[in-house]
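Presented below is the structure to which this report refers.
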Amino acid sequence: MNHTHTHLTRLAVLISGNGSNLQTILDACAARILPARVVLVVSNKTDAYGLERASHSGVPAVVKTKSKDQDRTTYDRELADLVGAYRPDWIVLAGWMRILSPAFLNAFPGQVINLHPALPGTFPGTNAIERSLHAFQLGEIQHTGVMVHLVPDEGVDNGPVLGQEIVPIYREDTRETLENRVHQVEHRLLVETLSNVIQKPLLMTRSEK
Ligand code: GRF
């Protein structure tokens, strides 16, 4: 009997840009570090390099842009139908720069995971790395970090935390040097956290619903 893909956890990855975190997931799946396979990549941006990374790996890569006059709920419902058709076990937001509404989230209760380049409760939203460097230079913080969390609702970067790690900031840091250090930690923490979640399913999360 052909066992390939039989028990592999199905991941849908949503991106908006370069896709270095997507690449890390693809590589970890290919190397069997993650007992999973990426069944779909969706981008809300047509020029996202992550789409090419998906195609290189033979993964379906779909662009789903939102026109200005389309309402958010309709867009999110269409997105949920698109993603649902690939029957993912988990939806990973890896640099997806849109806030998802209940029209999407309710279709995948307890299944949506986000990556954010800051520690829980700090620098929610965009440009978190730049803002953390600025706060460090003002002496307001000593370090920053990375977190991986569930996305139960429309809260921005603040769902139940699945993994987090501190990232040091140095006096001589520029935005670029700090960004590189944050990305390195993201790539490792994201795979570690997904591996934990896949191997110790958060069944309790879903059953509590
Ligand atoms: C990451 O820093 C992620 O935490 C943030 O957007 C960035 C995406 O990077 N939300 P990439 O596209 O995976 O390289």
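All values reported here derive from a predicted model rather than from experimental measurement. Remember, it's 1-based here, ligands and their atoms both numbered in the order they're listed.
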Taking a cutoff of less than 4.0 Å between a non-hydrogen atom of the residue and any ligand atom, is L115 in contact with ligand 1? yes
Can you tell me if P117 contacts ligand 1 (heavy atom of the residue under 4.0 Å from the ligand)? yes
Heavy-atom contacts with H183 under 4.0 Å: which atoms of ligand 1 show up? List them by number with element. 1 (C), 2 (O), 9 (O)
With a cut-off of 4.0 Å, which atoms of ligand 1 are near a heavy atom of N18? 12 (O), 14 (O)
So which protein heavy atom does [atom] come closest to, and at what separation?
atom                    : value
atom 9 (O) of ligand 1  : N21 ND2, 3.7 Å
atom 8 (C) of ligand 1  : G95 CA, 3.6 Å
atom 14 (O) of ligand 1 : S20 OG, 2.5 Å

Quick check for you: to the nearest 0.5 Å, what is the distance between H143 atom NE2 and L119 atom CG? 5.5 Å
Main-chain N/O of I129 paired with S132 side-chain donor or acceptor, under 3.5 Å: yes
Is the backbone N or O of G19 less than 3.5 Å from a side-chain atom of R53, with the two atoms forming a donor-acceptor pair by type? yes
Decide side-chain contact (heavy atoms from CB on, under 4.5 Å) for I169 and L178; before the verdict, give the C-alpha distance in whole Å, the side-chain angles of both, and the deciding distance to 0.1 Å. CA-CA 7 Å; I169 308 178; L178 180 58; 4.0 Å; yes
Got a sec: does the CD of E140 have more than 12 other heavy atoms crowding it under 6.0 Å? yes
Without hydrogens or angle criteria, can the side chains of D76 and S101 be said to hold a donor-acceptor pair below 3.5 Å? yes
Given H187, R53, E186, M147, which has its nearest heavy atom closest to atom 4 (O) of ligand 1? E186
I'd like the name of whichever of G125, G19, S16 reaches closest to atom 12 (O) of ligand 1 through any heavy atom. G19
For L100, what are the other residues in its hydrophobic cluster, where any two members join if their side-chain heavy atoms are less than 4.5 angstrom apart? L14, V39, L40, V42, V62, Y75, L79, L82, V83, Y86, I91, L93, W96, F104, L105, F108, V112, V151
